[in-house]
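Read the numbers this way: they start at 1 and go in the same order the structure lists the ligands and their atoms.
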Amino acid sequence: MTLTVKICGLRTPETLEAALDAGADMVGFVFFPRSPRHLQLSEARTLGALVAGRAERVALTVDADDALLDSIVEALRPEWLQLHGQESPGRVAAVRSRYGLPIIKALGVSGRADLARAAGYADVADRLLFDAKPPKDALLPGGNGVPFDWEVLSGLDLGKPFMVSGGLDADNVAAALAVTGAPGVDVSSGVESAPGVKDPARIASFVLAARAGAARPRPAPPGAGALRGRG
Ligand SMILES: O=C(O)c1ccccc1NCC(=O)[C@H](O)[C@H](O)COP(=O)(O)O
């Protein structure tokens, strides 16, 4: 399996370099003023230019209007847009068509019932990102460092690639991959030393652990092979 690894919420040239050196496939930049990872447009311009084709740039927004998206796209020149708010399938389709860019649509998950609306987004988004629903008192709609029950994704087939995020780190990413079989993982808090402060060593460990996890054969689902040996 070819795994897509995304490091989200990068804010400095040093930690962006760390993500690129570690071999991240996607580097995410957050545009949400309440977030400790929020970027000014001028910072986005500088960081975006530093990527120079070594990874795909992802602009993360939350219910952004066209004017804000216009300015972000102009500054960062992203390869992807990540919509992390309450955007409807119609809005996802409209954004995709306006910018001609592929869309990652984030969907909050706390249980299997949350997957019911995923099919409607699979029709219009290029990737689905299953992220933990924010805790009740959270200030942010994502990037809270909390996991969800990965089992709800096992066996999921929406005909679209998906990614898993929420509370991942170097210690648990292989388990998340074993349970979900996800072709992509996304991390923010788990590679930080404090909210918004990325740690180069943790970034490197995460990418290594994710690649090692993806290379491991997945355990057979319960019940598989039950007929073997019957005669
Ligand atoms: O990171 C933020 O500050 C943020 C703000 C608003 C919406 C989404 C945000 N982050 C999303 C992500 O970084 C990831 O897609 C994902 O939620 C992983 O977060 P984490 O649990 O911190 O690894």
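- A salt bridge links Arg98 with Asp70: the distance from a Lys NZ or Arg NE/NH1/NH2 to an Asp or Glu carboxylate oxygen falls below 4.0 Å.
- Other residues, nucleotides and ligands contribute more than 12 heavy atoms inside 6.0 Å of the CG atom of Asp65.
- Glu192 and Arg11 are not joined by a salt bridge, as no carboxylate oxygen comes within less than 4.0 angstrom of a charged side-chain nitrogen.
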How far apart are the C-alpha atoms of Phe206 and Val185, what are their side-chain angles, what is the distance that settles it, and do they pass the side-chain contact (heavy atoms from CB on, under 4.5 Å) test? CA-CA 10 Å; Phe206 182 84; Val185 290; 4.1 Å; yes
Short N or O separations between ligand 1 and the protein, below 3.5 Å:
{"from": "ligand 1", "atom 1": "1 (O)", "to": "Arg37", "atom 2": "NH1", "distance (Å)": "2.8"}
{"from": "ligand 1", "atom 1": "3 (O)", "to": "Ser35", "atom 2": "OG", "distance (Å)": "2.5"}
{"from": "ligand 1", "atom 1": "3 (O)", "to": "Arg37", "atom 2": "NH1", "distance (Å)": "3.0"}
{"from": "ligand 1", "atom 1": "10 (N)", "to": "Gly143", "atom 2": "N", "distance (Å)": "3.3"}
{"from": "ligand 1", "atom 1": "15 (O)", "to": "Gln82", "atom 2": "NE2", "distance (Å)": "3.3"}
{"from": "ligand 1", "atom 1": "15 (O)", "to": "Asp186", "atom 2": "OD2", "distance (Å)": "2.6"}
{"from": "ligand 1", "atom 1": "17 (O)", "to": "Asp131", "atom 2": "OD1", "distance (Å)": "3.3"}
{"from": "ligand 1", "atom 1": "17 (O)", "to": "Asp131", "atom 2": "OD2", "distance (Å)": "2.5"}
{"from": "ligand 1", "atom 1": "17 (O)", "to": "Gly143", "atom 2": "N", "distance (Å)": "3.1"}
{"from": "ligand 1", "atom 1": "21 (O)", "to": "Gly145", "atom 2": "N", "distance (Å)": "3.0"}
{"from": "ligand 1", "atom 1": "21 (O)", "to": "Gly167", "atom 2": "N", "distance (Å)": "2.9"}
{"from": "ligand 1", "atom 1": "22 (O)", "to": "Gly145", "atom 2": "N", "distance (Å)": "3.4"}
{"from": "ligand 1", "atom 1": "22 (O)", "to": "Ser189", "atom 2": "N", "distance (Å)": "2.9"}
{"from": "ligand 1", "atom 1": "22 (O)", "to": "Ser189", "atom 2": "OG", "distance (Å)": "2.5"}
{"from": "ligand 1", "atom 1": "23 (O)", "to": "Ser188", "atom 2": "N", "distance (Å)": "2.9"}
{"from": "ligand 1", "atom 1": "23 (O)", "to": "Ser189", "atom 2": "N", "distance (Å)": "3.4"}

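- Defined by atom type and a distance below 3.5 Å, a donor-acceptor pair is present between the side-chain atoms of Lys198 and Ser188.
- For the pairing with Lys105, the side-chain contact (heavy atoms from CB on, under 4.5 Å) check across Leu81, Val124, Val92 returns one residue only, Val92.
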